[in-house]
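Written below as structure tokens is the structure these notes are about.
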Amino acid sequence: MANQDFKRHIANLQQFTILFYCIKWLALSLCIGFFTGCVSAFFLTSLNWVTGWRESHVWIISLLPLGGLIIGLTYHYYGSSVVKGNNLLLEELHSPKQIIPLRMAPLVLFGTLATHLFGGSAGREGTAVQMGGAIADRFSHWFTITPTDRQVILIMGISAGFASVFGTPIAGALFALEVMFISKKLRLTALLPSFAVAYIAHYSCLLWNVPHTHYIIPFVPQLTPLNFACTIAAAVLFGLAALLFSRLVHFFSSVFKKYVAYPPLRPFIGGIFIELSVYLLGTTKYIGLGVPTIVESFTTAQPSYAFLLKLLLTTFTLGAGFKGGEVTPLFFVGATLGSALFLVVPLPMALLAGMGFVAVFCGATNTPIACIAMGIELFGLDCGLYIALACAVAYFTSGMTGIYSSQVVGGMKGYVYGRFRK
């Protein structure tokens, strides 16, 4: 009898522990998700404004070198501790050293808005993720947090930032879990907090009536043997495009560091080349986010060179030291490449654009699960099998390189490439 009472007592303690765990992380999710969602809403609204202003006053692109110098000086004198951006978040998770400085949030916000205002080619996810990470890690500073709990908090910040800026809470939660421990292990203890904070941040952003872009794939054919083969072939090209993007980001960054010793001059010099490129191209289509072109790719075949121009301008912009993310440009590269493939691949244009949209992103970030979820969230469940095939193939054909140099690549992909190198 006493033994049964003891077991019952232990069971009650376990239930209380689980209840306390859920309450603690849901409370943190409310705080982190709400603040991150509101900041993302401000960021998206500001980004839309500076993009519209630039397109209405194209002359401002001539000031891109000056804008680059201002960004470079700001980070050199006030942001040297956070200049690594997303890689700093990854490093802190794998080898914790110090709390992420809160200054990361305003600095990356300013740097990204300036980059887009003056005509750089960059994205937005890096900004949202860094702001989310900096906001979330404040709770590690204010409260007594164990190293394990701090890992969860960093994952929550990434989840909240990604989910709110793209309007994809499931993909945001999975991205935060997956990008930290690529194919090696997933922190299942962070599963509940990651999903909870993603949805809270998403709806907090929507509270401010900030819209997200909608994409439509009106027709999805049956997966016949021919369509299967075409999907695999297209996915290989998507993976190679992701590989090229990742390699060029690191290449241009190393070139600028090698030949330009003073960091603030790197975006200044880079801005001169980007400004001349825009002048020679005679269009602003390949700078900024490029969302109108991404949407157009689902209905109109894009030139075969469109993806390459965006790829070159974005990797050069980021390599030179301008601020912003890589994901939306990766969407551009994938969607325009898929749209161009419509001329030779017998699959619907919108489906090819959607497959490229997520597959190139998958190959460059090494996050196949999150990318499959994003494809289904954005395009619907009907295209899920095509999306999954494209992401899986692109994931393996993109090699061991990714846009995040501090990312740990292991698991099946690490095993396969490790065996190949031997």
Side-chain angles (χ1 to χ4, degrees), residues 10-40 86 89-90 92-94 96 99-100 125 128-207 365-378 381 407-408 410-411:
I10 294 298
N12 290 336
L13 286 177
Q14 290 175 337
Q15 291 177 347
F16 178 79
T17 302
I18 294 173
L19 179 62
F20 177 76
Y21 171 86
C22 292
I23 292 174
K24 179 182 75 171
W25 288 113
L26 286 176
L28 285 171
S29 296
L30 280 170
C31 296
I32 295 172
F34 177 74
F35 286 118
T36 303
C38 292
V39 170
S40 290
N86 288 352
L89 297 178
L90 294 172
E92 278 301 314
L93 190 136
H94 296 302
I99 302 298
I100 302 293
E125 119 289 337
V129 164
Q130 290 172 50
M131 291 192 300
I135 291 171
D137 213 19
R138 284 295 91 191
F139 290 87
S140 301
H141 177 73
W142 293 331
F143 302 103
T144 302
I145 299 292
T146 66
T148 299
D149 282 352
R150 184 170 178 241
Q151 289 180 326
V152 176
I153 282 179
L154 287 174
I155 289 173
M156 291 169 67
I158 294 173
S159 173
F162 192 99
S164 57
V165 82
F166 290 122
T168 54
I170 297 176
L174 292 174
F175 177 82
L177 291 165
E178 197 175 11
V179 74
M180 292 297 187
F181 303 96
I182 175 61
S183 296
K184 189 176 181 181
K185 59 180 178 178
L186 292 178
R187 288 205 60 85
L188 295 182
T189 54
L191 194 61
L192 172 63
S194 185
F195 273 93
V197 78
Y199 274 95
I200 292 168
H202 170 57
Y203 286 112
S204 296
C205 184
L206 292 181
L207 283 176
T365 58
N366 295 302
T367 55
I369 300 173
C371 291
I372 293 170
M374 170 172 267
I376 293 174
E377 278 189 289
L378 291 176
L381 187 59
Q407 188 180 43
V408 176

(message) Checking the side chain of Arg138 only, and the main-chain atoms of Ile100 only, is there a donor and an acceptor separated by less than 3.5 Å?
(response) yes

(request) For Phe139, look at atom CZ and say whether over 12 heavy atoms of other residues, nucleotides or ligands are found less than 6.0 Å away. (result) yes

(message) Any heavy-atom pair between the side chains of Phe162 and Met374 that's under 4.5 Å?
(response) yes

(request) Answer yes or no: is there a side-chain heavy-atom contact under 4.5 Å between Tyr199 and Ile170? (result) yes

(message) Within this structure, what is the OG-CD1 distance for the pair Ser204 and Ile32, rounded to the nearest 0.5 Å?
(response) 12.0 Å

(message) Nearest 0.5 angstrom please: Leu28 CG to Ile23 CD1, how far?
(response) 12.0 Å

(message) What I'd like to find out is whether the side chain of Phe34 reaches to under 4.5 Å of the side chain of Val197, using heavy atoms alone.
(response) no

(message) What I'd like to find out is whether the side chain of Asn366 reaches to under 4.5 Å of the side chain of Val179, using heavy atoms alone.
(response) no

(request) Could you check Pro169, Ser194, Ser29 and say which one makes a side chain to side chain contact (heavy atoms under 4.5 Å, CB included) with Ser159? (result) Ser194

(message) As an exercise, state the distance from CD of Glu125 to CD1 of Ile158, rounded to the nearest 0.5 Å.
(response) 10.5 Å

(message) Determine whether a donor-acceptor pair (N or O, by modelled atom type, separation under 3.5 Å) exists between the side chain of Thr36 and the backbone of Gly33.
(response) no

(message) As an exercise, state the distance from CD1 of Ile200 to OG of Ser164, rounded to the nearest 0.5 Å.
(response) 12.0 Å

(request) Considering non-hydrogen atoms only, spot the tightest contact between Gly133 and Leu154 and give its length. (result) O-CD2, 4.4 Å

(request) Taking Glu377 for its side chain and Ala171 for its backbone only, find out whether a donor-acceptor pair lies under 3.5 Å. (result) yes

(message) Within the 4.5 Å heavy-atom criterion, are Phe195 and Leu174 side-chain neighbours or not?
(response) yes

(message) If I compare all heavy atoms of Ile369 with all of Glu178, which pair ends up nearest, and what's the gap?
(response) N-OE2, 3.1 Å

(request) Answer yes or no: are there more than 12 heavy-atom neighbours, outside Phe35 itself, under 6.0 Å from its atom CZ? (result) no

(message) Does any part of the side chain of Asn86, heavy atoms only, come nearer than 4.5 Å to the side chain of Gln130, both counted from C-beta?
(response) yes

(request) Evaluate the side-chain proximity of Phe175 to Thr365: yes if any heavy-atom separation is below 4.5 Å, no if none is. (result) yes

(request) Could you go through the side-chain contact (heavy atoms from CB on, under 4.5 Å) check for Ile153 and Trp25 one step at a time? (result) CA-CA 9 Å; Ile153 282 179; Trp25 288 113; 3.8 Å; yes

(request) Side-chain contact test, heavy atoms from C-beta onward, threshold under 4.5 Å: evaluate it for Ile99 versus Arg150 and give yes or no. (result) yes

(request) Kindly give the heavy-atom pair with the smallest separation between Ala163 and His202, and that separation in Å. (result) O-ND1, 4.2 Å

(request) Working to the nearest 0.5 Å, report the span between OG of Ser40 and CG of Leu206. (result) 11.0 Å

(request) State, to 0.1 Å, how close Lys24 and Asp149 come at their nearest heavy-atom pair, and which atoms those are. (result) NZ-OD2, 3.2 Å

